[in-house]
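A quick write-up on the structure given underneath.
Excluded from the calculations below are hydrogen atoms, water molecules and symmetry mates; all remaining heavy atoms, backbone and side chain alike, are included. Along the sequence shown, residues carry numbers from 1.
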Amino acid sequence: MSSTRANMASLVFPLLACFLIANASAGNFYQGFDITWGDGRGKILDNGQLLTLALDEASGSGFQSKNEYLFGKIDMQLKLVPGNSAGTVTAYYLSSQGPTHDEIDFEFLGNLSGEPYTLHTNVFAQGKGNREMQFHLWFDPTEDFHTYSILWNPGHVIYMVDGIPIRDFKNLESRGIAFPKNQPMRIYSSLWNADDWATQGGRIKTDWTKAPFTASYRNFNADACIWSSGASSCNSQKSDWWNQELDSTSQERMRWAQENYMIYNYCTDLKRFPQGLPLECSVA
């Protein structure tokens with residue numbers, strides 16, 4: 001098993017084909033984002049090439065994108081809180097607003113030094129979530145930057161880590177399952193204290209003597225449809241990602257990630273759903 005993991009983790013060719021950049025926004029955090037809370041704990045540095053969020057006992061911090069998007073491929077490199085990060089959560093997600101909001105989540109749940117981070121994913125459609133899948137990672141996400149990507153098109157929400165797909169939430173509206181496709185979403189991120197639940201069910205609390213805790217961001221890229229004044233920037237010349245789905249090689253990589261690193265799947269949690277698993281769990 002270890003050799004299989006090593007071989008898969010060292011794959012260097014990209015998951016998906018190169019994309020057209022007709023609606024891309026990249027690079028500079030001053031141009032793409034606003035720090036929205038934290039009283040100075042969020043900072044844009046290096047002429048807009050680096051963004052950091054900090055958490056101390058008084059407050060966390062967060063930012064959001066200036067643009068709203070309706071479909072796209074969105075990449076961000078993150079380096080997570082090092083050392084004893086127990087109790088902290090670094091959230092990076094797309095979300096609309098309102099009681100029937102859509103949302104596509106990456107959340108990174110900290111842990112004691114030497115213990116693995118938990119990568120928590122969830123998809124909300126029309127206000128309904130409860131679709132959690134959780135993973136450990138095949139590397140230490142605090143030692144260096146790694147790329148976390150969301151491919152969101154009319155048929156799929158695909159989560160990727162360093163180009164390896166870990167989850168594919170398909171559009172199954174024909175089966176009566178809601179899919180996020182009508183509400184434009186902003187990109188949000190925050191670093192905050194959740195020691196009532198985040199680490200081992202809340203048994204491990206935040207050690208404030210280790211504060212401030214810091215997460216770092218760089219190399220943002222959105223090849224995406226920007227939503228403005230009720231209209232999309234995408235036209236008939238849509239980028240390759242518009243119809244993208246996982247080919248057989250990509251499906252094999254996703255199976256590798258799920259078989260070796262998935263630690264929770266709502267579709268196997270019979271105790272949580274005694275009346276029956278959600279419908280999408282039974283659809284191939």
Modelled atom types, side-chain donor and acceptor of S65 and N67, under 3.5 Å: no
Heavy-atom donor-acceptor pair, Q251 side chain to L246 backbone, under 3.5 Å: yes
Parallel, tilted or perpendicular: ring planes of F33 versus F29, cut at 30 and 60 degrees: tilted
T209 side chain to D207 side chain, donor-acceptor N/O pair below 3.5 angstrom: yes
Heavy-atom pair with the smallest gap, counting every atom of F220 and A222: CZ-CB, 3.5 Å
Sidechain-backbone polar pair: D195 side chain, T206 backbone, donor-acceptor under 3.5 Å: yes
Least distance between heavy atoms, A58 atom then D56 atom: N-OD1, 2.9 Å
Straight-line distance of Q244 CD to L151 CG, nearest 0.5 Å: 6.5 Å
Side chain W152, main chain P180, donor-acceptor under 3.5 Å: yes
Side chain to side chain contact (heavy atoms under 4.5 Å, CB included) partner of L80, chosen from T88, T90, L191: T90
Flag, side chain of S96 to backbone of D102, donor-acceptor distance under 3.5 Å: yes
Heavy-atom pair with the smallest gap, counting every atom of Y69 and A224: CD2-CB, 3.5 Å
Salt-bridge criterion met for R131 and E280 (N-O under 4.0 Å): yes
N/O donor-acceptor pair under 3.5 Å between R203 side chain and Q200 backbone: yes
Ring geometry between F139 and H146 (parallel below 30°, tilted from 30 to 60°, perpendicular above 60°): parallel
Between Y266 and N122: side-chain donor-acceptor atoms closer than 3.5 Å: no
Hydrophobic cluster identity match, I158 and Y92, side-chain contacts under 4.5 Å: yes
Side chain S113, main chain N84, donor-acceptor under 3.5 Å: yes
Worked verdict on K181 versus E173 for salt bridge (Lys or Arg N to Asp or Glu O under 4.0 Å): CA-CA 10 Å; K181 70 169 193 177; E173 286 184 314; 3.0 Å; yes
Separation between NZ of K128 and NE2 of H101, rounded to the nearest 0.5 Å: 12.5 Å
Closest non-hydrogen atom pair between E107 and V89, with its separation: OE2-CG1, 3.9 Å
Polar side-chain atom of N171 near backbone of H156 as donor-acceptor pair, under 3.5 Å: no
Chi angles and distances behind the side-chain contact (heavy atoms from CB on, under 4.5 Å) call for E132, N130: CA-CA 6 Å; E132 300 90 346; N130 299 322; 4.1 Å; yes
Considering all heavy atoms, the nearest F179-P154 contact: CE2-O, 3.6 Å
M160 side, atom CE; D162 side, atom CG - distance, nearest 0.5 Å: 11.0 Å
Check: Q49/Y30 side-chain N/O donor and acceptor closer than 3.5 Å: no
Sub-4.5 Å side-chain heavy-atom contact between V81 and T214: no
Polar contact flag, side-chain donor to acceptor under 3.5 angstrom, Y217-T52: no
Between T147 and Q77: side-chain donor-acceptor atoms closer than 3.5 Å: yes
Short side-chain donor-acceptor distance under 3.5 Å, N265 and T268: no
Distance in Å, S232 OG paired with F71 CZ, rounded so as to fall on 0.5 Å steps: 9.0 Å
Aromatic plane relationship, Y188 with Y93 - under 30° parallel, 30 to 60° tilted, over 60° perpendicular: parallel
Side-chain (S233) to main-chain (I226) donor-acceptor, under 3.5 angstrom: yes
Distance in Å, T121 OG1 paired with Y264 OH, rounded so as to fall on 0.5 Å steps: 11.0 Å
Check: S189 side chain, F63 main-chain N or O, donor-acceptor pair, under 3.5 Å: no
Qualifying residues under ring pair (Phe, Tyr, Trp, His ring centres under 6.0 Å), relative to Y117, sequence neighbours excluded: none
Closest non-hydrogen atom pair, A257 against P165: CB-O, 4.0 Å
Pairwise distance NZ(K79) to CZ(F145) - rounded to 0.5 angstrom: 5.0 Å
Whether D223 side chain and K73 backbone form a donor-acceptor pair below 3.5 Å: no
Side-chain donor-acceptor contact under 3.5 Å, S149 with D75: yes
